[in-house]
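Below is one structure, written out as C-alpha cells, with a few remarks after it.
Nothing here was measured: the structure is a model prediction, and the numbers come from that model. Sequence lines set the chain letters: A, B, ... in the order given, protein chains first and strands last, and positions in each chain run from 1. Reckoned from all heavy atoms, side chains included, excluding hydrogens, waters and symmetry mates.
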Amino acid sequence: MKTFQDKVLSLVKKIPKGKVSTYKAVGKALRRRGQVYRAVGRALKENIYPVAIPCHRVVCSDGSIGGYSRGVRKKIALLKKEGVEVKKNKVVDFKKKLFTFF
DNA sequence: CCCATGACTAATT
DNA sequence: AAATTAGCCATGG
C-alpha cells in the first residue's frame, strides 16, 4: 500500500551520501502545498524501516539536526561519518550539501 | 468524523 | 538573538 510515508521514505532513500535534505524539501518534492514537513517528520519518526532508510540525512530547514529516533548524537555521528560536519547542532555548509531532489 | 500528536517552519515578541 | 505563538498535513484512536 502506497502511503505518504512510503513516498517520503523512497525520497529519503535517494539522498546521496555526503548530502543532506530538509523536511521542507521533501514536502516540495512530493508536490504538496503548505506545510507537509509536519507529516514528513512524523512519518520518519514512525520509522517503520529502521535501517533501510537513512533518516539521518534529513535535517531542519535552518540546518539544525532536529531529532532522531536513535538520538541526535547518533545522527550527528552518522552524518560526520558520511562527510557532513556538524557544529553546535548545525550542519556545516548546510546550503551547499543540501539536496532538494531537483 | 473529531481530537490529539509530531524528528517542522515562519513570523512575532 | 532567543523564546513564544500560530499554522498546517498525515496518522491513529
Using a cut-off of under 3.5 Å, enumerate the N/O to N/O pairs linking the protein to nucleotides 2-6 of chain C.
none

Distances for protein N/O vs nucleotides 10-13 of chain B N/O pairs under 3.5 angstrom?
from, atom 1, to, atom 2, distance (Å)
B/dA10, OP1, A/Lys24, NZ, 2.3

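For the contact set between residues 2-23 of chain A and DNA chain C, defined by any heavy atom under 4.0 Å, the members are A/Thr3, A/Phe4. Of the residues in residues 95-102 of chain A, none has a non-hydrogen atom less than 4.0 angstrom from any atom of DNA chain B.
In terms of the salt bridge (charged side-chain N to carboxylate O under 4.0 Å, His left out) criterion, residue partners of A/Glu46 (sequence neighbours excluded) are, by chain and number, A/Arg42. Residues meeting the side chain to side chain donor-acceptor pair (under 3.5 Å) test with A/Gln35, sequence neighbours left out: A/Tyr37. With sequence neighbours left out, the ring pair (Phe, Tyr, Trp, His ring centres under 6.0 Å) criterion links A/Phe99 to A/Phe101.
A/Lys90 has its NZ atom 12 Å from the P atom of B/dT9, to the nearest Å.
Applying the salt bridge (charged side-chain N to carboxylate O under 4.0 Å, His left out) definition to pairs two or more places apart or across chains, none involves residues 72-81 of chain A. Pairs of residues two or more places apart, or lying in two chains, that qualify as side-chain hydrogen bond (donor to acceptor under 3.5 Å, both in side chains) and include a residue from residues 50-68 of chain A are A/His56-A/Glu82, A/Arg57-A/Glu82, A/Asp62-A/Ser64. Sorted by first then second residue, the ring pair (Phe, Tyr, Trp, His ring centres under 6.0 Å) pairs that include residues 69-88 of chain A, not counting sequence neighbours, number zero. A side-chain hydrogen bond (donor to acceptor under 3.5 Å, both in side chains) check over residues 6-31 of chain A, counting only residues at least two apart or in different chains, returns the pairs A/Thr3-A/Asp6. Residue pairs meeting the side-chain hydrogen bond (donor to acceptor under 3.5 Å, both in side chains) criterion with at least one member in residues 86-102 of chain A: none, sequence neighbours excluded.
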